[in-house]
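Just so it is clear: chains get the letters A, B, ... in the order the sequence lines come, proteins before strands, and each one is counted from 1. When reading the values below, keep in mind they use all heavy atoms of this one structure, side chains included, and skip hydrogens, waters and symmetry mates.
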Number of protein chains: 2
Amino acid sequence: MADRQKNLKHDSVGAWAKRLYFASRAVMDSVLRPYDLGSTQWYVLYQLANEGPTMQRDLVRMLQIERATLSGVVATLVRKGLVDQAPDSDDQRQRMLRITRAGRKLWKELPDPIELILTAAFDGADPAELAIARRVLQVATQRLNQHILKGDQA
Amino acid sequence: MADRQKNLKHDSVGAWAKRLYFASRAVMDSVLRPYDLGSTQWYVLYQLANEGPTMQRDLVRMLQIERATLSGVVATLVRKGLVDQAPDSDDQRQRMLRITRAGRKLWKELPDPIELILTAAFDGADPAELAIARRVLQVATQRLNQHILKGDQA
DNA sequence: GAAATATTGATAGGTAGCAAACGAATTGTC
DNA sequence: GACAATTCGTTTGCTACCTATCAATATTTC
């Protein structure tokens with residue numbers, strides 16, 4: 001009903017993807033808000049808690065965000081005392097990230113927002129359709145990224 | 001290839017949706033950058049150029065964003081002289097938005113980024129699979145939004 | 001070894017989104 | 001008519017993303 005009221009004509013999978021992304025962000029944010037954590041901050045803690053100390057440079061690749069973005073997120077976590085950031089002894093440019101004692105303590109209290117979102121969004125859904133949806137999105141994303149690369153060359 | 005390098009384990013449709021959203025935003029931004037326009041600014045201009053003067057209140061519903069967000073976007077467009085914002089004579093709380101002469105002039109020069117994205121992303125794709133993907137995303141979004149509503153009540 | 005180049009992280013400035021709080025204007029209720 | 005509730009837009013403060021640029025450090029090239 002609320003979805004059907006007159007919308008802009010220009011409506012595409014991009015727009016559906018946007019809505020799903022923001023809906024899942026909203027759920028994640030509401031779960032994490034009591035702990036005063038943003039979603040990207042949670043991903044960083046997840047990595048450091050489960051995989052151990054990680055180079056900031058590598059996290060950029062894993063999270064697929066820009067260095068500048070991660071720089072800000074890390075600064076926030078360091079300010080909160082949840083993460084420790086130290087220059088690497090081999091390469092002074094790189095920074096090794098490590099979860100602090102306070103960070104680990106908080107991590108233990110945290111619910112898993114991803115599990116919650118998966119259940120809320122897809123519980124009972126047809127796996128075959130999910131697979132198709134996943135593939136359509138992946139292909140489209142890949143094509144768009146290639147399009148961007150081509151544009152850069154020109 | 002670049003997609004397959006070790007990622008965080010927590011990977012879900014939410015993450016695919018995010019990647020597609022950001023890929024399409026990246027294309028849209030790169031198209032609009034020469035004109036110094038953001039994607040949401042483009043949507044506002046689109047509405048005003050094609051459908052005529054619109055109440056700011058209605059645009060909130062059409063774009064499905066918060067009043068506060070639109071407020072900022074409109075302020076930017078007004079500052080650039082592309083849009084005119086005037087109180088409605090009937091209801092002094094509401095603001096009528098109208099494209100200016102300069103706005104219309106710019107609009108005529110603008111390429112259609114949505115068309116470009118649709119082609120780049122989905123040209124040649126199977127319509128049946130697209131329909132399934134669309135439905136999966138819509139259902140998931142709806143379920144997440146309901147989940148948020150329930151959480152609010154509790 | 002010195003100069004050019006590449007990499008890493010930080011910073012500045014921009015867009016886009018949200019929530020919360022506020023003022024002004026309108027509508028509803030008594 | 002007066003008071004309460006609602007609606008609309010703005011402002012503030014936050015997260016998260018981008019580009020462009022800079023400083024520091026490594027690496028490559030000559």
(Q) Quick check on DNA chain C: between A:Arg95 and A:Phe22, whose nearest nucleotide comes earlier from the 5' end? (A)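 Taking each residue's closest nucleotide, the earlier one in sequence belongs to A:Arg95.
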Q) Is any side-chain N of the basic residue among B:Asp29 and B:Arg25 closer than 4.0 Å to the acidic one's carboxylate O? A)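 Yes, this pair counts.
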Q | Residues from residues 27-36 of chain B lying under 4.0 Å of DNA chain D - heavy atoms | A |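 Contacts with DNA chain D under 4.0 Å: none.
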Q: Taking all heavy atoms of A:Arg19 and all of B:Thr141, pick out the closest pair and write down the distance.
A: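 Shortest heavy-atom contact: O-CG2, 3.9 Å.
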(Q) With hydrogens left out and only the distance checked, is there a donor-acceptor pair under 3.5 Å joining A:Arg57's side chain and the base of C:dT8? (A)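 No such pair is found, so the answer is no.
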(Q) Under a 3.5 Å cutoff, is there a donor and acceptor pairing between the side chains of B:Gln56 and B:Gln85? (A)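 Judged by distance alone, the side chains do pair up.
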Q. Residues in salt bridge (charged side-chain N to carboxylate O under 4.0 Å, His left out) with A:Arg67, at least two apart?
A.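 So A:Arg67 forms no salt bridge (charged side-chain N to carboxylate O under 4.0 Å, His left out) with any residue.
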Protein N or O to nucleotides 11-14 of chain D N or O, pairs below 3.5 Å:
none

Q: Counting heavy atoms from C-beta on, name the nucleotide in D:dA26, C:dG9, D:dC17 closest to the side chain of A:Gln92.
A: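 The answer is D:dA26.
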Q) Of all the choices, D:dG9, C:dA16, D:dT25, which nucleotide is nearest to the side chain of B:Arg25 once you look at every atom? A)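 It is C:dA16.
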Q: Look at all strands and tell whether B:Asp88 reaches a base, only sugar-phosphate, or nothing, counting heavy atoms closer than 4.0 Å.
A: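 If one applies the 4.0 Å heavy-atom cut-off, B:Asp88 turns out to touch nothing in the nucleic acid.
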Q | Length of the line joining B:Tyr21:OH and C:dT15:P, which is rounded to integer Å | A |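 Taking OH of B:Tyr21 and P of C:dT15, I get 14 Å after rounding.
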